[in-house]
Amino acid sequence: ERQVIPPAEQWKTGVAHLKTLGDYAADLGLRIALELEPFKLSLLNDVPNMVRFIDDVAHPAVRANIDISHLQLAGTKPE
């Protein structure tokens with residue numbers, strides 16, 4: 001519930017480790033696809049958070065995969 005580890009620290013740790021994983025994936029010729037999870041406690045629970053996270057990671061091997069059903073569950077309109 002984001003009480004033990006502050007959300008900003010969770011975010012910072014996730015970004016740092018994903019940059020490392022992005023380097024590893026790139027060395028293997030792979031890409032990492034992050035998926036939006038429309039749950040209240042998920043870090044990437046809406047499009048703005050997904051965009052901010054991908055921007056913070058800023059690694060060419062790390063991309064977003066946004067599932068249409070998850071957009072629907074998150075209440076995101078098509079536009």
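On a predicted model such as this, the values are computed, not experimentally measured, just so you know. We use all heavy atoms of the structure for the numbers below, so side chains are in, but hydrogens, waters and symmetry mates are not.
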*For R52, enumerate each residue passing the side-chain contact (heavy atoms from CB on, under 4.5 Å) test, keeping only those at least two apart in sequence or located in another chain.*
W11, N49, D56
*asked:* Show the nearest heavy-atom pair for residues K40 and N45, with the distance to one decimal.
replied: O-ND2, 3.3 Å
_Looking at every heavy atom in both G22 and A61, which two are closest together, and how far apart are they?_
O-CB, 3.6 Å
*Under a 4.5 Å cut-off applied to non-hydrogen side-chain atoms, are I5 and T13 in contact?*
no
_Tell me which pairs pass side-chain hydrogen bond (donor to acceptor under 3.5 Å, both in side chains) where either residue lies in residues 15-25, with sequence neighbours left out._
D23-H59
*Nearest heavy-atom neighbours spanning M50 and E35*: CE-C, 3.6 Å
*Candidate pair L18 and L34, rule side chain to side chain contact (heavy atoms under 4.5 Å, CB included), full reasoning*: CA-CA 10 Å; L18 197 52; L34 300 177; 3.5 Å; yes
*Those residues that, when tested against L30, pass side-chain contact (heavy atoms from CB on, under 4.5 Å) (two or more places apart)*: A25, L28
*Please report the shortest heavy-atom distance between L36 and V47, naming the atom on each side.*
CD1-N, 3.6 Å
